[in-house]
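Working notes for the structure below.
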Amino acid sequence: MKKLRLFLPLLLALPAAAFPAAAPNWTARVALSPIGGHVLGNPAAPTKLVEYVSYTCSHCAHFVGEASQPLRDRYVKGGKLSVEVRNAVRDKYDLTAALLARCGGPRRFFGNHEALFANQDPWMEKLTAYDRDAVKPTEEKAALRDIGQKTGLYALMAKRGFTPAQLDACVNDPNAMKQILAMTDEAWNKVRITGTPSFTLNGTLVRGSDWTRLQAALPDTAQ
C-alpha cells in the first residue's frame, strides 16, 4: 500500500496524452443521412457503402442474413467503411415494413431491419393470404395499419417491445413516409438500380447483387 501511495503523485502528474485513447467501436454509431437513410459507422469513413433494399425481396433477406455480421466486424468496426441502408420500395407491403423499421428512431433501426428480414418467410406467407382474400380499407393510413395488423408485421414488432399505438404512429408518420418515398425515387429513377438489393460504393453503382460480388468490390479496408 505504501508503494502505491508513493506512485500516486506520479500518476496524477501524467498528462492525458500519456494514456492512449480506446479505439471507438463504430458499429455502435447510427445516424440519419440527409435523404433519410440509416448510416452505420464512421460518418467520415473513406469508403461509403449504400445498400438499396426492399423488405419483400427474398434476395435482400438472404444478403442481410449473410453479410451484416462480416460487414460490421471486418469493415465498419474500425471506422474505414460506413454502411447506409436506403429503401427502394416496390409495393404497399414493402412500404408498411419500411415504416415499421423506423420505429424507435435510429438507435433501434438496424435491430428492426434485421428482424424483419430474419422473419420474412412467416409474415410473407400471411401477406400472400391477405393479398388474395382480405377485404382491404381504401384510405391510405387505414390500409397501412390493416396490413401491419393482419400480416404478422405488428406481431413481430410487438416482440421487439413496441405497442400497437406506437406502431400505428410509425405507419402514419408523414416525415418517415416522405423520406422513404424520396429514397425510393432516388433508387429507381436517379441511381437507376435494376433490382434489389443494389449497392453503390462512394457513389458508383456496383455490378452484382450478392455478398460474394459486393465483397470482391470492397477495397482492402479489413480490420
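Annotation: the span from Leu99 atom CG to Leu167 atom CG amounts to 11.5 Å, rounded to 0.5 Å. One distance of note links CD1 of Ile147 with CG of Asp131; it measures 8.5 Å at 0.5 Å rounding. Here OH of Tyr154 is found 8.0 Å from SG of Cys170. Values are rounded to the nearest 0.5 Å. In this structure, CD in Glu66 is found 10.5 Å from CG in Leu214, a value given to the nearest 0.5 Å. Expressed to the nearest 0.5 Å, how far CD of Gln215 lies from CG of Asp210 amounts to 10.5 Å. The distance from the CG atom of Asp168 to the CD atom of Gln166 is 10.5 Å, given to the nearest 0.5 Å.
Cluster annotation: Met124 and Val64 are assigned to the same hydrophobic cluster (Ile/Leu/Val/Met/Phe/Trp/Tyr, side-chain heavy-atom contacts under 4.5 Å, transitive). Using a 4.5 Å cut-off between side-chain heavy atoms of Ile, Leu, Val, Met, Phe, Trp and Tyr, with links allowed through other members, Tyr52 and Leu49 fall into different hydrophobic clusters. Linking ILVMFWY residues whenever their side-chain heavy atoms come closer than 4.5 Å, directly or via other members, places Met157 and Met177 in the same cluster. Follow the hydrophobic side-chain contacts under 4.5 Å out from Leu116 and you reach Val30 in the same cluster. No continuous path of ILVMFWY side-chain contacts below 4.5 Å connects Val50 to Val85, so the two sit in separate hydrophobic clusters.
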Would Asn87 and Thr184 satisfy side chain to side chain donor-acceptor pair (under 3.5 Å), going step by step from the backbone distance to the final call? CA-CA 6 Å; Asn87 300 105; Thr184 297; over 6 Å; no

- [ ] Determine, step by step, whether Arg86 and Glu186 satisfy the salt bridge (charged side-chain N to carboxylate O under 4.0 Å, His left out) criterion, reporting the C-alpha distance in whole Å, the side-chain angles of both residues, the deciding distance to 0.1 Å, and the verdict.
- [x] CA-CA 10 Å; Arg86 297 185 188 178; Glu186 180 214 36; 2.5 Å; yes

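A pairwise comparison of heavy atoms in Phe162 and Gly104 identifies CE2-N, 3.8 Å as the closest pair. The nearest pair of heavy atoms linking Pro137 to Ala143 is O-CB, 3.7 Å. What you find for Val89 and Ala98 is that their closest heavy atoms are CG2-CB, 4.5 Å. Residues Ala217 and Leu201 come closest through the heavy atom pair O-CD1, 3.4 Å. In terms of heavy-atom proximity, Arg90 sits nearest to Ser54 at NE-OG, 3.0 Å.
Listed by first and then second residue, the ring-ring contact (aromatic ring centres under 6.0 Å, His included) pairs that reach into residues 168-207 are Phe63-Phe199, sequence neighbours excluded. Counting only residues at least two apart or in different chains, ring-ring contact (aromatic ring centres under 6.0 Å, His included) contacts with residues 114-153 comprise Tyr55-Phe117, His113-Phe117. Sequence neighbours left out, the pairs with a member in residues 138-158 that pass salt bridge (charged side-chain N to carboxylate O under 4.0 Å, His left out) are Asp146-Lys150.
Contact annotation: the side chain of Leu100 never approaches that of Asn112 to less than 4.5 Å [non-hydrogen atoms, C-beta and beyond]. Looking at heavy atoms from C-beta onward, Asp185 lies out of side-chain contact with Leu181 at the 4.5 angstrom threshold. Looking only at side-chain heavy atoms (C-beta outward), Pro197 and Cys57 come within less than 4.5 Å of each other. Side-chain contact between Leu71 and Glu51 is present, with heavy atoms from C-beta onward closer than 4.5 Å. Residues Glu114 and Ser68 are in side-chain contact: their nearest non-hydrogen atoms beyond the backbone lie under 4.5 Å apart. At least one side-chain heavy atom of Leu32 sits less than 4.5 Å from a side-chain heavy atom of His38. Residues Val83 and Tyr75 form no side-chain contact, since every pair of their non-hydrogen atoms from C-beta on lies 4.5 Å or further apart. In this structure, the side chains of Val53 and Thr196 stay at 4.5 Å or more apart for every pair of heavy atoms.
Residue Lys126 qualifies as open at atom NZ: its count of foreign heavy atoms under 6.0 Å is 12 or below. Around CD of Glu125, the count of heavy atoms belonging to other residues, nucleotides or ligands within 6.0 Å does not exceed 12.
Counted by atom type alone, Ser82 and Asn42 present zero donor-acceptor pairs between their side chains at under 3.5 Å. In the model, Thr56 has a side-chain atom that pairs as donor or acceptor with a side-chain atom of Asp91 under 3.5 Å. A donor and an acceptor atom, one from each side chain of Arg102 and Gln179, are located under 3.5 Å apart. A donor and an acceptor atom, one from each side chain of Thr27 and Arg72, are nowhere located under 3.5 Å apart.
A donor-acceptor distance shorter than 3.5 angstrom exists from the side chain of Lys48 to the backbone of Ala45, with no hydrogens or angles considered.
Legend: residues meeting side chain to side chain contact (heavy atoms under 4.5 Å, CB included) with Ala115, ordered by chain and number and at least two apart, are Asn119, Arg160. In this view, Thr128 and Arg132 satisfy the side chain to side chain contact (heavy atoms under 4.5 Å, CB included) rule, not counting sequence neighbours. Residues passing the side chain to side chain contact (heavy atoms under 4.5 Å, CB included) test with Leu205 are Val191, Ile193, Thr200, sequence neighbours excluded.
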